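Report on the structure given below.
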2 protein chains.
Amino acid sequence: MSPRAGLDRRTLVIAAAEIADHEGIEAVTLAALAKKLGVRSPSLYNHINGLQELRTQLAIYGLSELSNAMNNAANGFSGDVAVQAMGRAYVDFARSRPGLYETTLRAPEQANMELEKASDHILKLIIDVMKDYHLGEEGEIHAVRGLRSILHGFASLEQKGGFGMALDTNVSLSRLISSYIAGIGNMKSK
Amino acid sequence: MSPRAGLDRRTLVIAAAEIADHEGIEAVTLAALAKKLGVRSPSLYNHINGLQELRTQLAIYGLSELSNAMNNAANGFSGDVAVQAMGRAYVDFARSRPGLYETTLRAPEQANMELEKASDHILKLIIDVMKDYHLGEEGEIHAVRGLRSILHGFASLEQKGGFGMALDTNVSLSRLISSYIAGIGNMKSK
DNA sequence: TATTTAAGCTAATACCATTAGTTTTTGTGG
DNA sequence: CCACAAAAACTAATGGTATTAGCTTAAATA
């Protein structure tokens, strides 16, 4: 059946991300991944160092995809428009890749350079877009924390079905961002 | 060793919550719980229907504890003060019971009446505190979604070590809430 | 006190990750 | 073209997990 499957780490990670999106993050097991790839699970160890490393790689991949989406969305805009676009892109990413999105927030364990780099990159994108509001050094940090909280909280609750009612969630998101930005002066250290 | 351990479901859930808080949510296994309680794991099935039900019960327990904390904090206050107090209580709960807090957002699976009730109770607390802002029927729903997003996002990111820098996170939280409330008019449907 | 019920137990099954050791394919140097 | 070395697959085995079945015994009750 298999004179060589021709796997590599990238293939593994992409396939694992598909499992995460379609069957949930709990279904990402080496056994399931091996079956999807037509291989026995010990064979995966030729390409990746075990489940934990797979999860770390998923997080890195997810963060990089998320970065791209946010960057594309906000590129060329500034101020409120940029924030709204970036926020919408963030949430849309979580919607379209729910499993992959979840993996981005589930890989602390031991530090990993590549992972920190991917995480820092997103942070930079958010910092950039907050610069327009001239909040000062500290104010800016608080404001970035705030925006990240908003986006992650919204994406996460929506994903878990936390917003039961029928009311349009896109409206909720854009108004949430508007409200936050409208009061952004409160982030300044006085 | 054990002429009867005298277990019941509540004992199981409380012990499981301790494991979650002290060793992480991944460490909540029936094997670990049984060991902690001085019993063999099949014995747990006399009190609970398996790991999934344990998780559901943990979520219910966590939501109920969280409700209490939020209610105690906001009780007697209104407006900005109430929102700040409730927000602080929410985040403090997540800080002091990190594992139990996580379980509250990890039990969709098949619906469970008791779980929905616990969840609705928290929703009601948040709705109450938003009523002071007179946002109209729809506006209120959007506003509640917003506040929940803020609180969950903040608690979750802080827990995962997402706020790397040394800057005081309590300040970040209170300013985040202030900013949101300052712009809350944007939640109204015009 | 006899009996029933429920809470514990052991044994067994099935699935998972991981390691060790083996086979086989593939690419490369002669 | 052939030999060989490296890499990628494999099988087998270990130890951990949840769960089920069936047994034993303590506790409650009639």
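Proteins get letters first, then strands, A, B, ... in listed order; numbering begins at 1 in each. As the structure is a prediction and not an experimental result, all values here were calculated from the model.
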message: Measuring to OP1 and OP2 of C/dA6, would you say a side-chain N or O of B/H47 lies under 4.0 angstrom away?
response: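 For C/dA6, OP1/OP2 do not have a side-chain N/O of B/H47 under 4.0 Å.
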
- request: Tell me whether the OP1 or OP2 atom of D/dA8 has a side-chain N or O from A/S43 closer than 4.0 Å.
  value: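 Negative; the distance criterion is not met.
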
query: Taking N and O atoms by type only, does the side chain of A/N46 place a donor or acceptor under 3.5 Å from a partner on the base of D/dA7?
result: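 Absent.
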
Between [X] ([atom1]) and [N] ([atom2]), how many Å, whole number?
X     : N      : atom1 : atom2 : result
A/L37 : D/dA8  : CG    : P     : 14 Å
A/D8  : D/dA6  : CG    : C1'   : 17 Å
B/R40 : D/dA21 : CZ    : P     : 21 Å
A/L44 : D/dA7  : CG    : C1'   : 15 Å
A/K35 : C/dA14 : NZ    : C1'   : 13 Å
B/I48 : C/dA7  : CD1   : P     : 13 Å

- request: Run the salt-bridge test on A/R9 and A/E53 with the 4.0 Å N-O cut-off and return the result as yes or no.
  value: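 Result for this pair is yes, salt bridge flagged.
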
query: Do the side-chain N and O atoms of B/D8 and B/T11 include a donor-acceptor pair separated by under 3.5 angstrom?
result: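 Yes, B/T11 and B/D8 have a side-chain donor paired with an acceptor closer than 3.5 Å.
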
field: Pair A/Y133-A/D80, side-chain donor/acceptor within less than 3.5 Å
entry: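 There is such a pair between these side chains.
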
What donor-acceptor contacts under 3.5 angstrom involve side-chain atoms of residues 32-41 of chain A, with partners at least two apart or in another chain?
residue, atom, partner, partner atom, Å
A/K36, NZ, A/E18, OE1, 3.0

message: Filter on ring pair (Phe, Tyr, Trp, His ring centres under 6.0 Å), then keep only pairs touching residues 138-170 of chain B, sequence neighbours left out; what's left?
response: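 Found A/H152-B/H152, B/F154-B/F163.
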
Greater than 12 external heavy atoms within 6.0 Å of A/F77's CZ: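 No, because the 6.0 Å sphere around CZ of A/F77 holds 12 heavy atoms or fewer from other groups.
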
Please produce a list of atom pairs where a protein N or O lies less than 3.5 Å from an N or O of nucleotides 17-19 of chain D.
residue, atom, partner, partner atom, Å
D/dA18, OP1, B/L30, N, 2.5
D/dA18, OP2, B/A31, N, 2.9
D/dT19, OP2, B/Y45, OH, 2.6
D/dT19, OP2, B/L51, N, 2.8
D/dT19, O5', B/Y45, OH, 2.8

